[in-house]
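To keep things clear, I will list the structure first and then write my remarks on it.
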Amino acid sequence: MADYDFQDIETRWQKRWADEGAFEVHEDPGKPKYYCLEMLPYPSGNIHVGHVRNYCITDVISRSKTMRGFNVMHPIGWDALGLPAENAAIQRGIHPEKWTRENIAGMKRQLQRLGFSYPWSREIATCDAEYYHWNQWFFLRMLEKGIAYRANSPVNWCPSCQTVLANEQAEGGICWRCKHQVQQRDMEQWFLRITGYQDELLDDMAELDHWPERVLVQQKNWVGKSPGAEVDFPVDGLEPIRIFTTRVDTIYGATFMVLAPEHPMVDTLLEGAPDAAARKERIARLRAQDRRARLEGQVDKEGVFTGRHATNPYSGEKIPIWVGNFVLMGYGTGAIMSVPAHDERDLEFARKYGLDVRVVVQPEGPELDGATLEEAYDGEGRVVNSGPFDGLPSEEAIPKMAAWAEEKGFGKATITYRLKDWLISRQRYWGTPIPVVYCDKDGVVPVPDEQLPVVLPPDAPFTGEGGNPLEKVPAFVNATCPRCGGAARRETDTMDTFVDSSWYFYRYLSPHKDDGPADTDAVKYWFPIDLYVGGIEHAILHLVYSRFWTKMMRDLGLVDLNEPVVRLFPQGMVHRHGEVMSKSKGNTIAPDDVVARYGADTLRLYILFAAPPELPMEWSESGIEGPHRFLLRVWRLVDRHAAAFSTEPLAEVPAELPPAARDLRRKVHQTIARVTRDIEERIQLNTAVAALMELVNEIYRLEEQVAEGPGRPGLREALETVIRLLNPFTPHICEEMWTRLGHRETLVRTAWPVFDEEAAREDEIELAVQVNGKVRGRITVAREAGEETVKAKALEVVAEHLEGKQVKKVLIVPGRLVSVVVK
RNA sequence: GCUGGUGUAGCCCAACUGGCAGAGGCAGCCGACUUAAAAUCGGCACAGUGUGGGUUCGAGCCCCACCACCAGCACCA
């Protein structure tokens, strides 16, 4: 018997695939296409099991789709710009580029050792000037269209990363990368006007019917669309205070207003107020409260009365102006009207400071009383105590009252979003240089297309002493103004690396195109992406940016699409000892060790078998034994017959078969149907593997009975079916067995088995017979047996349970059971 | 607190539109092979589906109320 020498088998087949360029693809109008995408890795130094899980899923889909006759695009690349490379440079004195290239080389070796089916000629690295050239080109196009702009605004500064961050990258005041708390700073920065697409990002979700609901919900929350009204509240001798509300119908119940401590009018209001100094100091304390805690509502509501009043423009009533820590400057106008009767937060505040509570919306049922109200009523109802609007249902009052404000000139209906423009400038070296220069005479001047790419200078100093290393490279900073030819200073900020990943999937299609980012014809052929597999942690980052980028490209006339991805499949994480596997937890598994011990095929099979792909998978040291033993079992089975079959002529499986051979053939075809469906429709790869194990068990059981005689061609069919169905999961061992059975062509170019419904059909069916819901017997009937036959047989077999009782009903569920109801 | 997901054998997990709770694997037990063990081959056992109600001839699956764990959202006016 030949040993299963996985080291030898795997490296040999990897070499053959590489030599043959087995996975290279080109546009082929004669075939249906399938674009199978996975999230490209950051070259941190090692492929980890999480990546492996991601890439095993896409590899199975890609290989099976190829065998099913599709022209499959399944590319890989490197998200190669980013901070860790620069930190390595500071800490270890290795240039970011060297560090990155070495990591890429190592990780590429790891991926190749796992046998993934990539067209390596399409490999891209975003740190190639050939790639980031087009980031710059896109930036210039957006600058022309006003989508890219420079503005001064409060931004998130991460002291640990020494750079600013986009809003969604500092959620809850925490840097997404290093988890440090960010600071607020006012800085002039570059933004992309993603808010120009905010409604489209929401509306086009209707097209994303193969995206998981939880991702869409997250994105929807993040965009945070909230229709309402803005209303100006006049203040004697000052500018009016503008508030935003979603419930203008409750405005007659506004008994006070509250400004965010950072609101620009706070200081002005305090001037001339009694005890101004003391109030100022207390407000300063509110400002100093932990920002993150304030954002998350973790602090108690606190406020300071300014001593001033504003006028409710609807009622003409004077109401006190407060400053409160629960009002945020970053949302709406940073000022609210407070309606304690109908808003929980306002009620809490009002009770704490003894402010009036006035009911202005009355629901069905007992009359609400502001004085005793314990819970704010924030539902709908009939508007009361509201002057001319009394009696209106609140949903009708909202548009009427907003229209009234507009008519009178002190307000209007408006929509507020939580989404902010995408801040893309970073004060770091290892990113795409933003292609503009600053000229004393001409101001901000874009670098002309023909001068692109603006290349990162290789000789920047990585001292770690703060400041962008690019600023310290005179040859880079000192530029010529493209407009006037005079001296100019080059922009030293680089782009957010999420820019790189927003469009990389277009670049794969024409990775070396030098006169544009993407080839239009190739995009037409391959897009949209049929399946995108990756981690869900990118739900409001990469996946939103990518959707925006495609819409922007569409508006530049580059693509004819609203959405890049048809089906999104977020795979589950890998856990160990009940915790997420991560470097910081110190519980990682190195795929290399597993490959050395069990081989790539076993690792692949185990990862896919251990849990459904979308759920977390628990890594277990003993669990891997099962799939490994299974492969040995298949290997021995094929080994017993390979020599003989490889020299025998192929024979048709006869239509008439002895029972054992018939049973085997049925199982073979049932398995084809199950595995195909589990892979293609359900992406339920664990059950596909289980079905294959079942089939192999069945072959073992029947092997001796079908090895000789009319069943023999069926045995061969069974073996070859197992090999072909298993190939996407464990391609090396399958190629080897396939060859040993006498085939010359690789499985990469071999068709998927064809399902024969007739062969899969059961001839006899066993039915359970229930009496009043309890199984009391079972009968075996021919597949085509009529209802009467089934009924008679069923009643006969449970006769003793029917004695002395009256049969009320007999239900026959075809192929399942017979249910007898008696009384 | 809100939304979503998950809860099935000692463990990881199956169960198509409501139809006999068990496919697969790990661990366990018994036999065969072996001087013996491992490996291998064959076989066995184990839960009534988180809890409590309901609908139904029939519920793991549907409905209601809870519990636990996970994820997301959360003072967004």
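The sequence lines fix the lettering, A, B, ..., with proteins before strands; numbering per chain opens at 1. Below, each value reflects all heavy atoms present in this structure, side chains not excepted, and no hydrogens, waters or symmetry copies.
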Discussion item. Rounding to an integer number of Å, can you tell me how far A/Met693 CE sits from B/G24 P?
Written reply: 10 Å
Worksheet item: Could you state the CZ-C1' distance from A/Arg636 to B/C41, rounded to the nearest angstrom?
Response: 9 Å
Fill in: Within 45° cone and under 6.0 Å: A/Arg418 NZ/CZ vs A/Tyr331 ring
no
Practice prompt. Return yes if the base of B/G25 and the side-chain atoms of A/Glu625 contain a donor-acceptor N/O pair under 3.5 Å, otherwise no.
Written response: no
Response to the item:
Looking only at B/A77, B/G42, B/C73, the nucleotide nearest the A/Ser226 side chain is B/A77
Worksheet item: Can a side chain N or O of A/Gln218 be found less than 4.0 Å away from OP1 or OP2 on B/A71?
Response: no
Practice prompt. Take atom P in B/A15 and the same atom in B/A65, then report the distance between them in whole Å.
Written response: 27 Å
Worksheet item: How far, in whole Å, is B/A21 from B/U49 if one measures between their C1' atoms?
Response: 8 Å
Worksheet item: Per the atom types in the model, does the base of B/C26 pair as donor or acceptor with the side chain of A/Ser622 at under 3.5 Å?
Response: no
Discussion item. Need to verify one output field. Residue with the more 5' nearest nucleotide on RNA chain B, A/Arg701 or A/Ser819?
Written reply: A/Arg701
Worksheet item: For the pair made of CZ in A/Arg633 and C1' in B/G25, what is the distance, rounded to whole Å?
Response: 12 Å
Discussion item. Are A/Phe609 and A/Phe729, when compared by the centres of their aromatic rings, separated by less than 6.0 Å?
Written reply: no
Item to complete: Could you give the distance separating B/A71 and B/G25 at their C1' atoms, to the nearest angstrom?
Response: 27 Å
Fill in: Rounded P spacing from B/G10 to B/U6 in Å
22 Å
Worksheet item: What distance, rounded to whole Å, do you find between the two P atoms, one in B/C44 and one in B/A37?
Response: 23 Å
Worksheet item: Side chain of A/Asn772, backbone of A/Val821: donor and acceptor closer than 3.5 Å?
Response: no
Worksheet item: Taking the C1' atom of each, how far is B/G60 from B/G19, in whole Å?
Response: 13 Å
Worksheet item: Relative to each other, are the rings of A/Tyr377 and A/His342 parallel, tilted or perpendicular (30° and 60° limits)?
Response: perpendicular
Response to the item:
Between A/Met337 and A/Val689, whichever has its closest RNA chain B nucleotide further toward 5' is A/Val689
Worksheet entry | Pairwise P distance, B/C64 and B/C26 [rounded to whole Å] | 40 Å
Worksheet item: Between B/C20, B/G24, B/A77, which nucleotide gets closest to the side-chain atoms of A/Tyr331?
Response: B/A77
Item to complete: Using the P atom on both, measure B/C63 against B/G5 and round to a whole Å.
Response: 11 Å
Discussion item. Going by purine N1 to pyrimidine N3 plus the second Watson-Crick contact, or the G-U wobble pair, all under 3.5 Å, which nucleotide sits opposite B/G18?
Written reply: none
Worksheet item: Nearest of B/C13, B/A77, B/C20 to any side-chain atom of A/Pro612?
Response: B/C13
